[in-house]
Amino acid sequence: DAKTTQPNSMESNEEEPVHLPCNHSTISGTDYIHWYRQLPSQGPEYVIHGLTSNVNNRMASLAIAEDRKSSTLILHRATLRDAAVYYCIPLYGGATNKLIFGTGTLLAVQP
Amino acid sequence: SAVISQKPSRDICQRGTSLTIQCQVDSQVTMMFWYRQQPGQSLTLIATANQGSEATYESGFVIDKFPISRPNLTFSTLTVSNMSPEDSSIYLCSVFQGGYQFFGPGTRLTVL
């Protein structure tokens with residue numbers, strides 16, 4: 001399984017963009033890069049995923065480095081509800097589909 | 001998106017007893033997963049449960065301690081056996097559908 005490195009914590013102000021980095025230098029060519037987040041007292045929820053190209057959805061954008069050794073989750077305008085632990089997880093696009101969680105980044109959003 | 005429910009939502013148990021946690025999904029899924037989240041920690045995968053076959057356990061987890069049933073494509077149970085205070089955690093089930101995973105709300109277990 002590919003290892004990931006994320007900052008333990010980050011802080012942002014409400015209404016400002018947030019860039020959450022992730023290093024995954026041992027990622028294989030077939031691993032998708034998934035991002036999940038866990039709001040307080042809830043199960044994790046899917047945020048976004050990608051393979052090589054940058055991806056956008058209603059929640060966030062995902063910027064993937066050309067060498068795929070790192071990626072950045074972008075929240076365009078942070079809200080208080082975005083305060084959560086964000087997990088970057090390489091996922092093998094094969095038969096197992098199991099997510100192995102690292103320690104993640106605890107995002108605090110200040111009003 | 002899959003909707004997952006778990007029962008019970010929480011429980012307080014005595015050491016040495018066992019608790020069975022139920023996970024129900026609103027659609028048929030091939031793969032179900034059971035995770036444990038100890039206080040202040042990240043999620044740890046316990047096992048993968050596929051219908052019609054034995055569950056596959058991750059390193060550090062054994063069937064005698066965490067037996068799993070998967071009788072059909074919408075339901076699974078995880079039993080925490082012979083509990084000790086170290087088993088106090090949140091237990092979550094999840095399913096893989098449409099390219100990503102959906103998680104249940106979790107079962108908060110406290111062992112005294």
Side-chain angles (χ1 to χ4, degrees), chain A residues 1-9 20 22 24 30-53 55-60 62 71 73 84-108, chain B residues 1-7 9-10 21 23-25 29-51 53 55-61 68 70 76 78 89-110:
Chain A
D1 299 323
K3 287 191 177 281
T4 60
T5 303
Q6 297 179 254
N8 288 332
S9 62
L20 297 162
C22 180
H24 32 76
T30 55
D31 285 352
Y32 285 77
I33 299 156
H34 281 240
W35 283 80
Y36 285 74
R37 71 180 185 181
Q38 187 171 24
L39 302 172
S41 301
Q42 295 188 27
E45 64 177 2
Y46 167 81
V47 177
I48 199 166
H49 76 285
L51 184 61
T52 56
S53 305
V55 184
N56 301 295
N57 65 22
R58 63 175 181 81
M59 289 180 71
L62 176 60
S71 61
L73 179 71
V85 179
Y86 287 79
Y87 297 97
C88 156
I89 308 172
L91 178 63
Y92 170 58
T96 61
N97 293 316
K98 61 183 182 182
L99 296 175
I100 304 299
F101 285 77
T103 54
T105 297
L106 175 62
L107 175 66
Chain B
S1 63
V3 177
I4 303 170
S5 60
Q6 288 185 233
K7 287 182 183 179
S9 58
R10 59 178 61 225
I21 301 167
C23 178
Q24 180 75 52
V25 189
V29 294
T30 303
M31 289 185 166
M32 294 181 78
F33 305 90
W34 285 98
Y35 289 84
R36 179 176 74 181
Q37 188 168 29
Q38 294 175 302
Q41 304 294 312
S42 180
L43 283 80
T44 302
L45 180 64
I46 297 172
T48 303
N50 292 335
Q51 195 268 337
S53 63
T56 303
Y57 289 83
E58 297 297 309
S59 176
F61 297 96
I68 288 172
R70 184 80 202 274
S76 178
L78 169 76
S89 294
I90 298 173
Y91 292 85
L92 301 103
C93 70
S94 73
V95 303
F96 189 84
Q97 186 180 70
Y100 43 91
Q101 282 197 12
F102 298 89
F103 287 81
T107 295
R108 184 180 293 273
L109 171 62
T110 302

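Each chain gets a letter, A, B and so on, in the order the sequences are listed, and its residues count up from 1. We use all heavy atoms of the structure for the numbers below, so side chains are in, but hydrogens, waters and symmetry mates are not.
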Interchain contact, B:Phe102 with chain A, by part (heavy-atom threshold 4.5 Å): neither
Interchain contact, B:Tyr100 with chain A, by part (heavy-atom threshold 4.5 Å): both
Whether B:Phe103 and A:Tyr36 hold their rings parallel, tilted or perpendicular, with breakpoints at 30° and 60°: perpendicular
Contact check, side chains of A:Pro44 and B:Leu92, non-hydrogen atoms, under 4.5 Å: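 They are in side-chain contact.
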Nearest non-hydrogen partners of B:Ser42 and A:Gly102, listed with the distance: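 Reported closest heavy-atom pair: OG-O, 2.5 Å.
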Audit row: B:Gln101, A:His34, side-chain contact (heavy atoms from CB on, under 4.5 Å) steps and yes/no: CA-CA 10 Å; B:Gln101 282 197 12; A:His34 281 240; over 6 Å; no
Stepwise side-chain contact (heavy atoms from CB on, under 4.5 Å) check, A:Ile100 with B:Leu45: CA-CA 7 Å; A:Ile100 304 299; B:Leu45 180 64; 4.0 Å; yes
When A:Gln42, A:His49, A:Gln38 are compared by non-hydrogen pairs under 4.5 Å with chain B, the top option: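 Heavy-atom pair counts peak at A:Gln38.
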Partner chain A: residue of B:Gly106, B:Gly99, B:Ser94 with the largest heavy-atom pair count (under 4.5 Å): B:Gly99
B:Leu43 backbone acceptor or donor facing A:Tyr87 side chain under 3.5 Å: no
Partners meeting side-chain contact (heavy atoms from CB on, under 4.5 Å) with A:Glu45 (sequence neighbours left out): A:Arg37, A:Leu39, A:Met59, A:Arg81
